[in-house]
Asker: 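A single structure is presented below for examination.
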Amino acid sequence: MAKKKPIIKKSIIKSKKFAEAIIDTIREPLLILDKSLKIKSANKAFYKTFKVSKQNIVRQSIFEIGNKQWNIAELKTLLGAILPKNKSFQDFEVIHDFPKLGKRTLLFNARQILTSSESKNLILLAIEDITDWEITENKNILSAIVESSEDVIISKKLDGTITSWNKGAQKILGYHSEEVIEKNIRSIIPPERLKEENIIIGKIKKGEIIDHFETERLGKNNKLISLSLTVSPIKNSKGKIIGASKIARDISKQLEEAKKLEISEHRYREVIHSSPSMIATFKGKDLIIEIANDAILEAWGKGKNIIGKPLFSVLPELVEQGFVEMFSSVFKTGKPFQAYEMPVTMIRNGKKELGYYNFIYYPEKDINGKIIGVVDIATEVTPQAVMNKKIKESEEKFRQMANLMPDKITNADAEGNIYYYNKSWETFSGYTVETLEKEGWQKVMHPEEVEEIEKQWTHSVETGTNFEMDIRCQDKNGDYKWHLTRALPIKDENGKTSMWIGTTTEIQHLKEEQKRKEDFLKMVSHELKTPVTSIKGYVQLLLNLCKAENRHKLEKFPLESSLERINVQVTRLTRLIFEMLDLSRLEDQTLQFQRKPFDLNKLVKHTIEDIERTNTHYKIDVVDLDNCSTVGDEERIAQVLINFITNAIKYSPSNQNVEVIIHKTENGDMAVSVKDHGIGIDKKDQKKIFERFYRVDGENQETYSGFGIGLYLCNEIIKRHNGSINVESKKGEGSVFTFVLPCAE
Ligand code: ADP
């Protein structure tokens, strides 16, 4: 057994040495502490790392060594708990400022080492200095950032030797890091920038930072690159400046854009200033004049020193003219405001001047769409506006004239579309001008004529020739009236039709007159034929009887009655001829009157006697007066009376009573009325029967012979005696015709 002991001891010593060797080779600092936390031993790494020697620490409390630099509260608590509570701790991180080492980040791991006796149990404390880990980590992060940056990030020594060169530098300047590291490549600095670079280095040496300095460098391909450069000094651990870091951004594109912008801005301003249009820009709601070209400055007449001033303070005269509202509408709605031929009064060089302008106010917006100002583009159109005003006025005058004209006026465009009807159309047809413009002229035309009108109108429009046609138009009562419609083309200097002017004149009266004339001619020829044929018959008969062989028949022949027949017919013819003569004399104003006083009683009596001689079946009663003296052409007055009485007889086929009454009017004038109980006259014809050739329509016209001249002559004769003529009548009951003459007194 005794032999065995040294072997055991030997092996224990061996294993202890082995353990110590292991501990010593471990790179992390290790401490072995006893239960009173005194250092039992430490490994080489500990001595090296914390720069202490064995003598200074062994058998000393960990918290006492190195001027109590390990006296860290948390460590104390943790270590204190290990042996009594049989605990261990891992990766307990402590940042501690060591007087000799500076600020370190340490990672503590501790566990119990069990020995044969509990009281001798030990603590193994492993201390890992991870301060450098962070630095390395940060360094890695930094270099990743530097490498991935698009910007140039390089560092240089103060003599210009390049110490680092990132990918951004390679990309922008074209050199690979291998080509430049540890080299001083001055060729990337353009010669004219060398002086500037020296100044930068000078500043760096003084510890200054150069921030966002715009400069240029030459790329590998000799291309000039614009850079925004930030240079900072690099210091060593002792704070000595040993180099410079350079961060540069390629701003070539940016500068190019800025240059383009500048050029475009310049151009824009040039365009504005050389424009003949008046252009100005105003900023903000106060409308501060920002740009105003010469043309607008001239128009404002307030000189050139108005830039930068609010518009309305410079041109107060605009306020009253509604311009405040125009500008605020642009700010409010964001829509441009446009005006044509707007009259604007401006005080130019102290004088009020009226001008006409076309202008537009555009809202000027920022990139967010907010309105920040207004752009004003205007042109003066005074001569043109004055001309247009004149044209408008003259057009208005023309329209007023056209509306006052009784004729119906129309305007059509070159294609023949009617776009204007004057007021007469409205008055006549009862349709409003708007209705006619919308629904067309066809509305008023006689349906039978529409097709023909369209045909002729199309022809005129196609050939540019005058249009003329008699057409019937319907009046507001639904009656069709004859009209003469004419349309003339208005041609331009090239002979091209530019418009049509049409007149539509009512010719109903003329048409009726024409018809009456035609009827009159028919009737006259008919009236002449009858007596002439009759006279011719008697004359031939008598001539025959005068022949020798027929003389014996003469005695039996009713010669007297035949001659009377001839006489009646001749009288008729004579009357007709006289009436016709009178008519033509009346028309050429040559009908003469022999004025002298006469007794109306006598005139009436003699006239009736004459008539009764030929009209034996009729009974003519006379109611006369005592004193009926008047002045005039007795024969002509007799002619009037004869006409009244013969008409009374003629138009009373079944009642042969005719009454002639001489009476005085309320004014004391002399009146003679002829009353019959004949066919009477309709109200609508009563006025017209005094017109030339007027005969009441219908079967009467056929039944009763006549020329429609008699009453016209009577009316004219009485009018020329300063008298009046009238009729009272009821259809089917008879008529009373009266003429009134002033009394002789
Ligand atoms: P006419 O030769 O046709 O009789 P007038 O001028 O004398 O011409 O008369 C015009 C028309 O007036 C006549 O055609 C007739 O229709 C109407 N007229 C005139 N007198 C009478 C009357 N007494 N009674 C009815 N109708 C009459």
Side-chain angles (χ1 to χ4, degrees), residues 512-513 515-531 568-569 571-587 591 607-608 611 614-615 617-621 636-661 671-719 724-739:
E512 284 171 8
E513 184 87 334
K515 187 171 177 293
R516 272 205 299 278
K517 269 189 184 160
E518 281 165 12
D519 291 350
F520 173 72
L521 276 177
K522 259 193 254 163
M523 183 192 58
V524 167
S525 40
H526 177 257
E527 287 293 317
L528 286 175
K529 211 169 89 194
T530 318
V568 167
Q569 298 299 359
T571 311
R572 256 184 99 179
L573 275 177
T574 318
R575 190 163 74 88
L576 176 60
I577 290 160
F578 274 98
E579 275 187 353
M580 304 264 278
L581 270 174
D582 285 350
L583 185 70
S584 69
R585 280 190 198 129
L586 255 181
E587 279 184 350
L591 190 65
T607 310
I608 291 171
I611 293 170
T614 42
N615 295 279
H617 315 296
Y618 282 82
K619 188 175 173 307
I620 305 171
D621 293 325
R636 290 289 172 195
I637 302 297
Q639 189 184 338
V640 174
L641 187 59
I642 292 167
N643 216 306
F644 279 10
I645 298 172
T646 47
N647 275 352
I649 293 167
K650 188 161 68 172
Y651 298 107
S652 307
S654 48
N655 190 325
Q656 293 159 359
N657 288 333
V658 175
E659 228 174 305
V660 180
I661 306 141
V672 179
S673 297
V674 177
K675 185 176 178 185
D676 67 58
H677 303 277
I679 59 171
I681 306 155
D682 201 281
K683 191 114 194 121
K684 70 174 169 51
D685 294 317
Q686 284 178 15
K687 260 209 177 118
K688 293 182 179 168
I689 53 174
F690 296 101
E691 288 172 14
R692 222 165 30 145
F693 310 133
Y694 192 88
R695 304 199 73 222
V696 174
D697 268 350
E699 57 189 79
N700 294 347
Q701 214 173 356
E702 308 295 318
T703 319
Y704 311 100
S705 65
F707 313 119
I709 307 174
L711 286 179
Y712 170 72
L713 285 176
C714 295
N715 194 24
E716 292 300 315
I717 292 167
I718 298 298
K719 267 202 304 198
S724 63
I725 202 162
N726 69 71
V727 62
E728 284 168 46
S729 182
K730 218 167 180 192
K731 189 132 174 90
E733 289 182 18
S735 320
V736 180
F737 281 87
T738 304
F739 67 83

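Each ligand, and each atom within it, is numbered from 1 in the order the structure gives.
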Asker: Within a distance under 4.0 Å of any heavy atom of N643, pick out the atoms of ligand 1 and give their elements.
Answerer: 7 (O)
Asker: Is the shortest side-chain N to carboxylate O distance from E716 to K719 below 4.0 Å?
Answerer: yes
Asker: Determine whether any heavy atom of F644 lies closer than 4.0 Å to an atom of ligand 1.
Answerer: no
Asker: Is the closest heavy atom of Y694 to ligand 1 under 4.0 Å?
Answerer: yes
Asker: Does ligand 1 have any atom sitting under 4.0 Å from a heavy atom of G678?
Answerer: no
Asker: Atom CZ in F737, atom CG in N726: separation rounded to 0.5 Å?
Answerer: 9.5 Å
Asker: Under 3.5 Å, N or O to N or O, is G708 touching ligand 1 that way?
Answerer: yes
Asker: CG of L521 to CZ of F693: how many Å apart, nearest 0.5 Å?
Answerer: 8.0 Å
Asker: Checking L641 against V672 for the side-chain contact (heavy atoms from CB on, under 4.5 Å) test, could you report, in this order, the C-alpha distance in whole Å, the side-chain angles of both residues, the deciding distance, and whether it holds?
Answerer: CA-CA 8 Å; L641 187 59; V672 179; 3.7 Å; yes
Asker: With a 4.0 Å cut-off on N to O distance, would you call E579 and R575 a salt bridge?
Answerer: yes
Asker: Which of the atoms of ligand 1 are close to I679, meaning less than 4.0 Å from one of its heavy atoms?
Answerer: 25 (C)
Asker: Which residues satisfy the salt bridge (Lys or Arg N to Asp or Glu O under 4.0 Å) test with E659, sequence neighbours excluded?
Answerer: none
Asker: What is the distance from atom NE2 of H677 to atom CD of Q656, rounded to the nearest 0.5 Å?
Answerer: 12.0 Å
Asker: Any atoms of ligand 1 less than 4.0 Å from a non-hydrogen atom of V696? List them with their elements.
Answerer: 16 (O)
Asker: Which atoms from ligand 1 have a heavy atom of K650 less than 4.0 Å away?
Answerer: 1 (P), 2 (O), 4 (O)
Asker: Between L711 and ligand 1, which part of the residue brings a heavy atom under 4.0 Å of the ligand: side chain, backbone, both or neither?
Answerer: both
Asker: Any salt bridge linking R585 with D582? Criterion: basic side-chain nitrogen under 4.0 Å from a carboxylate oxygen.
Answerer: yes
Asker: Relative to the heavy atoms of S735, which atoms of ligand 1 are at a distance of less than 4.0 Å?
Answerer: 24 (N)
Asker: For ligand 1, note which part of I709 has a heavy atom under 4.0 Å away: side chain, backbone, both or neither.
Answerer: backbone
Asker: Which option, F737, Y712, F690, Y651, owns the non-hydrogen atom nearest atom 14 (O) of ligand 1?
Answerer: Y651
